[in-house]
Chemist: 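Before anything else, here's the structure in question.
We use all heavy atoms of the structure for the numbers below, so side chains are in, but hydrogens, waters and symmetry mates are not. Convention: sequence-line order gives letters A, B, ...; per-chain numbering from 1.
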Number of protein chains: 2
Amino acid sequence: MAIKERKEREKQDMRNLIIESATQLFLKQGYDKTSIRSIAEDIEYSPATIYLYFKDKDEIFYVIHENAFALLEKVFRKHDPIQDPFEKLTAICKSYVEFALQNPDYYDLMFIMRAPLSQIACEDTWKEGDSAFEYLLRTISACVDEKKIKPGDKFVLAMTVWSFGHGLVSLYVRGRFGVMKMSEEIISEMMDHAVDLFLSNLKT
Amino acid sequence: MAIKERKEREKQDMRNLIIESATQLFLKQGYDKTSIRSIAEDIEYSPATIYLYFKDKDEIFYVIHENAFALLEKVFRKHDPIQDPFEKLTAICKSYVEFALQNPDYYDLMFIMRAPLSQIACEDTWKEGDSAFEYLLRTISACVDEKKIKPGDKFVLAMTVWSFGHGLVSLYVRGRFGVMKMSEEIISEMMDHAVDLFLSNLKT
DNA sequence: GTTTTTTACTAAACAGTGTTTAGTATATTT
DNA sequence: AAATATACTAAACACTGTTTAGTAAAAAAC
């Protein structure tokens with residue numbers, strides 16, 4: 001009965017095909033302009049076929065959202081070898097900002113858009129978000145334990161750091177900095193300064 | 001020739017009627033569900049009529065966005081009498097967070113949504129945003145001048161404070177904190193702690 | 001006061017969207 | 001070879017923002 005397995009494989013292949021097309025279209029033209037019909041056209045199937053593999057548009061973008069988190073996780077993991085927790089924290093923050101600036105559409109999907117959150121609501125735990133947040137929490141805990149930063153509730157500290165980083169990049173991604181007639185370079189430089197300033201204020 | 005003036009008045013009345021209806025529907029059911037057709041139905045005119053008074057949906061929501069900024073400005077102005085600039089800064093931050101938690105839909109429209117920004121792009125200056133930012137900038141400048149907070153580039157400092165505040169509330173507004181199984185009250189309390197922590201780290 | 005012009009409005013259509021339904025070939029099982 | 005299950009799609013449904021063409025009523029011109 002290898003047929004069943006082949007069918008299962010083909011089903012996965014089709015899902016992957018849809019996700020690949022959706023991702024490519026999404027990164028090229030954004031969420032709103034990536035319609036089910038345009039994905040269907042791209043993969044040369046009828047729009048209705050897509051609904052045989054995904055419940056709705058949100059589910060498709062939830063998978064893309066998961067992939068984006070995997071990418072961020074990879075970036076974070078690069079800093080695993082760093083021993084000093086404050087150095088590690090700094091590296092994480094800078095990577096986070098860099099990730100957002102280099103992948104603004106991914107960042108939007110991960111942390112700003114409402115779209116793929118209906119899926120998360122179903123599962124009732126946001127495993128990717130939690131995972132990233134816990135990585136930050138662990139690093140900050142180490143900083144506190146080794147007295148590298150001022151004492152404080154670790155959770156609140158992590159919330160503070162994440163909020164700062166998110167605020168910085170999301171104001172940029174959604175064009176609230178862009179309006180202040182400044183070049184991208186200057187914005188990027190300013191962000192770097194802001195991160196340094198913010199982190200130096202946490203230091204003991 | 002008072003007819004012309006009456007006509008002008010009637011035109012404004014109609015604009016106000018549309019805005020009032022749109023605002024009410026928007027605050028009740030959100031942006032996406034507030035369609036031109038639903039506004040038209042509410043004011044008992046045809047959908048096409050709305051386009052005689054507004055260029056497009058974005059223009060309508062840009063006016064709502066302006067009204068929301070007027071509301072925030074009012075909240076800020078309450079703190080004008082505060083003499084000590086650090087106390088003032090603290091009050092502003094807390095008001096900002098409070099405003100966002102009490103008017104999440106307004107906040108979304110003002111600082112997160114892409115929708116009404118096409119209008120801003122046309123005018124090429126974001127007068128409301130700039131005004132609010134400059135209020136913050138002035139307060140922070142006073143803090144630096146009076147050596148209430150650690151020295152630093154005033155612009156970067158303002159960017160840092162705004163980013164932190166925005167990050168905090170926008171993660172909440174877009175449901176990235178809500179998923180962590182915490183009650184609204186606890187979230188609100190945590191935010192308060194985070195603001196205190198953040199500002200205390202700026203202190204000299 | 002009648003005719004012309006302008007104004008205010010709308011029905012209907014256009015071009016999209018996400019999604020569902022009913023039906024058809026093909027592949028698999030009996 | 002017949003019955004069943006699978007994979008797929010054409011067409012429709014119920015929406016969306018927006019535009020066009022046409023119609024009454026109000027204002028201006030004669």
Side-chain angles (χ1 to χ4, degrees), chain A residues 1-19 21-22 25-26 28-65 109 113-119 122, chain B residues 1-19 21-22 25-26 28-65 109 113-119 122:
Chain A
M1 291 296 123
I3 287 173
K4 232 180 188 171
E5 290 165 29
R6 196 202 73 217
K7 287 265 158 116
E8 192 56 45
R9 220 164 45 231
E10 282 175 351
K11 194 143 199 157
Q12 255 310 320
D13 285 352
M14 190 64 163
R15 274 182 71 99
N16 291 341
L17 186 68
I18 293 167
I19 291 296
S21 166
L25 290 172
F26 166 64
K28 201 195 288 174
Q29 39 183 302
Y31 176 84
D32 283 332
K33 283 188 180 167
T34 306
S35 63
I36 298 290
R37 278 173 176 83
S38 69
I39 299 168
E41 171 124 2
D42 187 54
I43 62 171
E44 298 176 303
Y45 279 84
S46 106
T49 301
I50 290 173
Y51 288 89
L52 300 173
Y53 297 89
F54 293 93
K55 189 181 135 283
D56 53 24
K57 198 185 172 185
D58 275 11
E59 197 180 274
I60 296 172
F61 280 87
Y62 180 65
V63 175
I64 296 176
H65 156 118
L109 199 62
M113 285 186 58
R114 282 221 173 84
L117 244 69
S118 57
Q119 299 298 323
C122 291
Chain B
M1 294 297 123
I3 287 174
K4 232 180 188 171
E5 291 166 27
R6 196 202 72 216
K7 288 266 159 114
E8 191 56 47
R9 220 165 44 231
E10 283 175 350
K11 193 144 198 155
Q12 256 309 320
D13 285 352
M14 190 64 164
R15 273 182 73 100
N16 291 341
L17 186 68
I18 293 166
I19 291 297
S21 166
L25 289 172
F26 166 64
K28 202 195 287 176
Q29 39 184 306
Y31 176 84
D32 284 330
K33 284 188 179 167
T34 306
S35 63
I36 298 290
R37 278 173 176 84
S38 68
I39 298 168
E41 170 124 3
D42 187 53
I43 62 171
E44 296 177 303
Y45 279 84
S46 106
T49 301
I50 290 173
Y51 288 90
L52 300 172
Y53 296 89
F54 294 93
K55 193 181 133 281
D56 54 23
K57 197 185 172 185
D58 275 10
E59 199 181 272
I60 297 173
F61 279 87
Y62 180 65
V63 175
I64 297 177
H65 155 118
L109 198 63
M113 283 187 59
R114 282 219 174 84
L117 244 69
S118 57
Q119 298 298 323
C122 290

Chemist: Which pairs, with at least one residue in residues 30-56 of chain A and sequence neighbours excluded, count as a ring pair (Phe, Tyr, Trp, His ring centres under 6.0 Å)?
Modeler: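 Only A:Y31-A:F61 qualify under ring pair (Phe, Tyr, Trp, His ring centres under 6.0 Å).
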
Chemist: Taking only residues two or more places apart in sequence or in another chain, which ones pass side-chain hydrogen bond (donor to acceptor under 3.5 Å, both in side chains) with B:E8?
Modeler: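 In terms of side-chain hydrogen bond (donor to acceptor under 3.5 Å, both in side chains), with neighbours along the sequence ignored, B:E8 is linked to no residue.
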
Chemist: What is the distance from CG of A:D56 to C1' of D:dC15, rounded to the nearest Å?
Modeler: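 Spelled out: CG on A:D56 to C1' on D:dC15 is 16 Å.
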
Chemist: From the list D:dA27, D:dT16, C:dT28, which nucleotide is the closest neighbour of the side chain of B:K7?
Modeler: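 Closest nucleotide among those given: D:dA27.
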
Chemist: Rounded to 10°, tell me the angle between the two end axes of the helix from C:dG1-D:dC30 to C:dA27-D:dT4, each built from five pairs.
Modeler: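 Between the first-five-pair axis and the last-five-pair axis there is 30°.
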
Chemist: Mind calculating the distance between CZ (B:F61) and C1' (D:dT16) to the nearest angstrom?
Modeler: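 Atom CZ in B:F61 sits about 13 Å away from atom C1' in D:dT16.
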
Chemist: Could you give the CD-to-C1' distance, from B:E5 to C:dT7, as a whole number of Å?
Modeler: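 Whole-Å distance recorded here is 18 Å.
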
Chemist: Which residue pairs pass the salt bridge (charged side-chain N to carboxylate O under 4.0 Å, His left out) test with at least one member in residues 50-64 of chain A, sequence neighbours excluded?
Modeler: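 For residues 50-64 of chain A, and leaving out neighbouring residues, the salt bridge (charged side-chain N to carboxylate O under 4.0 Å, His left out) pairs sorted by first residue read A:R15-A:E59.
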
Chemist: Give every donor-acceptor pair under 3.5 Å between a side-chain atom in residues 35-44 of chain A and any protein atom, sequence neighbours left out.
Modeler:
residue: A:S35; atom: OG; partner: A:S38; partner atom: N; Å: 3.0
residue: A:S35; atom: OG; partner: A:S38; partner atom: OG; Å: 3.3
residue: A:S38; atom: OG; partner: A:S35; partner atom: N; Å: 3.0
residue: A:S38; atom: OG; partner: A:S35; partner atom: O; Å: 2.7
residue: A:D42; atom: OD2; partner: A:S21; partner atom: OG; Å: 2.7

Chemist: Which residues within residues 10-17 of chain A lie with some heavy atom under 4.0 Å of an atom in DNA chain C?
Modeler: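 Residues of residues 10-17 of chain A that come under 4.0 Å of DNA chain C do not exist, since none gets that close.
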
Chemist: Of all residues at least two apart in sequence or in a different chain, which pass the side-chain hydrogen bond (donor to acceptor under 3.5 Å, both in side chains) check with A:R114?
Modeler: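 Per chain and number, A:R114 pairs via side-chain hydrogen bond (donor to acceptor under 3.5 Å, both in side chains) with B:D108.
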
Chemist: In whole angstrom, what separates A:K57's NZ from D:dT16's P?
Modeler: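 So the two atoms are 16 Å apart, to the nearest Å.
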
Chemist: Of all of residues 37-55 of chain A, which get a heavy atom below 4.0 angstrom from DNA chain C, listed by number?
Modeler: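 A:R37, A:A48, A:Y51, in order of number.
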
